[in-house]
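Below is one structure, written out as structure tokens; comments come after it.
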Amino acid sequence: MATQGQVITCKAAVAWEANKPLVIEDVQVAPPQAGEVRVKILFTALCHTDAYTWSGKDPEGLFPCILGHEAAGVVESVGEGVTEVQPGDHVIPCYQAECRECKFCKSGKTNLCGKVRAATGVGVMMNDRKSRFSVNGKPIYHFMGTSTFSQYTVVHDVSVAKINPQAPLEKVCLLGCGVPTGLGAVWNTAKVEEGSIVAVFGLGTVGLAVAEGAKTAGASRIIGIDIDSKKYDVAKNFGVTEFINPKDHDKPIQQVIVDQTDGGVDYSFECIGNVSVMRAALECCHKGWGTSVIVGVAASGQEISTRPFQLVTGRVWKGTAFGGFKSRSQVPWLVEKYMNKEIKVDEYITHSLTLPEINKAFDLMHEGGCLRCVLSVHE
Ligand SMILES: NC(=O)C1=CN([C@@H]2O[C@H](COP(=O)(O)OP(=O)(O)OC[C@H]3O[C@@H](n4cnc5c(N)ncnc54)[C@H](O)[C@@H]3O)[C@@H](O)[C@H]2O)C=CC1
Ligand SMILES: N[C@@H](CCC(=O)N[C@@H](CSC=O)C(=O)NCC(=O)O)C(=O)O
Ligand SMILES: [Zn+2]
Ligand SMILES: [Zn+2]
């Protein structure tokens, strides 16, 4: 192919500074080095975590950078030693890598991978600790090892999942983050059993995917909690059976839930990123066994607290990254589940725009009616 081994100049949305509108720039994307893959991104969605880092509250946020981590595309070229994907393969970039060789990958206890995390956390590639992106010679940092708000990106080979080429990329891009995170929080992290009572705090994409996961796990009651009452109508389609708006109650929300559930829920999930809600989510769990899973990402400087007595009396506090899914192994499996109509994806897509409209897409994200907005990157 003509572009292999060449620098590609393409359009990308650059975050030059925290909180300043993204700027569509002509970006130079260097060829992939050993162990790297250059991907033509066709569709990318926006996740709340992109907005979080853009806001300047992420301690790992570096500027200028190219954000984006929920996407799908086609391999354009590969660097030396890359064997598991080749040009033309349909792929989903994975911010949570899976090398299958490191201490984490071999532990059988976690989906976290240590191979490239130190490099992706500081916005560079592992090989030479440099960025593959530049604008007129000025380096632009990578983000989460994915940087999908660009027509082309370079990722580590351990951070890319090859998927069924029949899958519609404009839909399955969502399997790069929010939907697997919610489903996996239920299936892998909490391991919700049939008949359980579940509370979901925050009914955005991640919370709705938790509800969907809980429904398929056979939960008997799925209580959705959100400060936006309009969320309930949509949430019913994802399995939420009851709704509570904390603003409608004088008592603390954990007390309201404990009163309505004969002592508390079996499982709760915080899908907002609010440390006060994380506490409420733990404290609404049943004494002796209730488990609360933190999914939301809280800003730099925020800390969780509760009375240790809550844990002494048997409640369990956990967290999850990418829903505990092993990315390269299990994203292709999730794609198949979608193709077999076993999991929802289309239902989370409320808006479709193009890359140049990305600032509008971020505005939409902060409006109640938007779950996921998918950007067509080459239109
Ligand atoms: N752990 C992980 O691997 C991942 C974590 N995340 C994080 O999950 C969180 C949720 O992501 P999205 O669903 O995309 O966000 P979202 O913004 O679409 O949804 C959040 C929901 O919480 C509601 N909410 C806000 N404050 C509330 C409060 N005090 N009480 C009750 N409800 C409240 C909002 O009305 C909204 O419906 C974010 O913090 C995101 O960064 C996202 C993906 C992966
Ligand atoms: N840089 C952030 C960390 C944010 C975070 O926790 N990210 C999640 C994924 S959120 C996706 O939308 C995650 O997978 N964390 C594990 C990891 O290795 O980063 C901060 O420092 O707050
Ligand atoms: Zn995300
Ligand atoms: Zn690993």
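Note that these values count all heavy atoms, side chains included, but never hydrogens, waters or copies made by symmetry. Throughout, residue positions are numbered sequentially from 1 according to the sequence presented. Both counts, for ligands and for their atoms, begin at 1 and track the order of listing.
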Only heavy atoms of [X], strictly under 4.0 Å: list the atoms of ligand 1 that pass.
X      : answer
Thr49  : 6 (N), 40 (C), 41 (O), 42 (C)
Gly204 : 13 (O), 18 (O), 19 (O), 21 (C), 37 (O)
Cys177 : 43 (C), 44 (C)
Tyr95  : 3 (O), 44 (C)
Thr181 : 2 (C), 3 (O), 4 (C), 44 (C)
Arg372 : 14 (O)
Gly296 : 7 (C), 8 (O), 9 (C), 39 (O)
Cys271 : 9 (C), 10 (C), 20 (C)

What I'd like to find out is whether the side chain of His90 reaches to under 4.5 Å of the side chain of Val172, using heavy atoms alone.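 No - every pair of side-chain heavy atoms lies 4.5 Å or more apart.
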*asked:* When you compare the side chain of Phe201 with that of Asp226, does any pair of heavy atoms fall below 4.5 Å?
replied: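 Answer no - side chains too far apart.
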**Prompt:** With a 4.0 Å heavy-atom cut-off (strictly under), which part of His48 contacts ligand 2: side chain, backbone, both or neither?
**Reply:**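 Neither; no heavy atom under 4.0 Å.
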Under a 3.5 Å threshold, yes or no: a donor from one side chain and an acceptor from the other, between [X] and [Y]?
X      : Y      : answer
Asn274 : Glu270 : no
Ser268 : Ser292 : yes
Glu76  : Thr3   : yes
Asn111 : Glu98  : no
Asn245 : Ser229 : yes

Pick whichever of [options] has a heavy atom sitting closest to [atom].
atom                    : options                       : value
atom 9 (C) of ligand 2  : Phe322, Phe143, Tyr95, Phe104 : Tyr95
atom 17 (C) of ligand 2 : Met144, Arg117, Glu70         : Arg117
atom 32 (N) of ligand 1 : Asp50, Ile272, Thr53          : Ile272
atom 20 (C) of ligand 2 : Val295, Asp58, Val206         : Asp58

Output the list of atoms in ligand 2 that are nearer than 4.0 Å to some heavy atom of [X], sorted by atom number.
X      : value
Cys47  : 12 (O)
Cys177 : 11 (C), 12 (O)
Tyr52  : 20 (C), 22 (O)

How far is [atom] from its nearest protein heavy atom, and which residue and atom is that?
atom                    : answer
atom 17 (O) of ligand 1 : His48 ND1, 2.9 Å
atom 13 (C) of ligand 2 : Ala321 CB, 3.9 Å
atom 3 (O) of ligand 1  : Phe322 N, 2.9 Å
atom 23 (C) of ligand 1 : Asp226 OD2, 3.2 Å
atom 3 (C) of ligand 2  : Glu60 OE1, 4.1 Å
atom 11 (O) of ligand 1 : Val206 CG2, 3.6 Å
atom 6 (O) of ligand 2  : Val297 CG2, 3.8 Å
atom 5 (C) of ligand 1  : Val295 O, 3.0 Å
atom 29 (N) of ligand 1 : Val277 CG2, 3.6 Å
atom 12 (O) of ligand 2 : Thr49 OG1, 2.6 Å

Which heavy atom of [X] sits nearest a heavy atom of [Y], and at what distance?
X      : Y      : answer
Val265 : Ile197 : CB-O, 3.6 Å
His142 : Cys65  : O-CB, 4.5 Å
Ala34  : Asn127 : N-ND2, 3.7 Å
Ser329 : Arg100 : OG-NH2, 3.3 Å
Gly368 : Asp228 : CA-OD2, 3.9 Å
Cys177 : His69  : SG-NE2, 3.5 Å

Compute the shortest N/O to N/O distance between [X] and ligand 1 and return yes if it is under 3.5 Å, no if not.
X      : result
Asp228 : no
Ala321 : no
Gly178 : no
Gly323 : no

Would you say His69 touches ligand 2, if touching means a heavy atom closer than 4.0 Å?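 Judged by the 4.0 Å heavy-atom criterion, His69 does count as contacting ligand 2.
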Worksheet item: Do the two ring centres, one from Phe362 and one from Trp54, sit under 6.0 Å apart?
Response: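 Yes - the distance between ring centres of Phe362 and Trp54 falls below the 6.0 Å cut-off.
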Worksheet item: Do the ring planes of Tyr232 and Phe243 sit parallel (below 30°), tilted (30 to 60°) or perpendicular (above 60°)?
Response: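 Parallel, since the angle between the ring planes stays under 30°.
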Take the angle between the ring planes of Phe322 and Phe325 and call it parallel below 30°, perpendicular above 60°, tilted in between.
->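 Aromatic pair Phe322/Phe325 classed perpendicular.
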*Mode of Leu371 contact toward ligand 1 - side chain, backbone, both, neither (heavy atoms, under 4.0 Å)*: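 Contact part for Leu371 vs ligand 1: neither.
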What part of Met365, side chain, backbone, both or neither, has a heavy atom within less than 4.0 angstrom of ligand 1?
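Looking at Met365 and ligand 1, no heavy atom falls under 4.0 Å.
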- prompt: Could Arg117 and Glu60 be called an ion pair, given the rule that one side-chain N must be under 4.0 Å from one carboxylate O?
  reply: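 Looking at Arg117 and Glu60, the cut-off is met.
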Is the closest basic N to carboxylate O distance between Arg328 and Glu84 below 4.0 Å?
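A salt bridge links Arg328 with Glu84.
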Practice item. Evaluate ring pair (Phe, Tyr, Trp, His ring centres under 6.0 Å) for Tyr348 paired with Phe238, printing each intermediate quantity in order. Key: CA-CA 10 Å; Tyr348 296 92; Phe238 292 84; 4.8 Å; yes
Discussion item. Any N/O/S atom from His69 (main chain or side chain) under 2.8 Å of the Zn ion (ligand 3)?
Written reply: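 Coordinating: yes.
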Next item on the list: Inspect the surroundings of NZ in Lys215 and state if more than 12 heavy atoms from other residues, nucleotides or ligands are less than 6.0 Å away.
Entry: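 No - once you tally the heavy atoms of other residues, nucleotides and ligands closer than 6.0 Å, there are 12 at most.
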Can Phe201 be said to touch ligand 1, with heavy atoms closer than 4.0 Å?
->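 No heavy atom of Phe201 comes that close to ligand 1.
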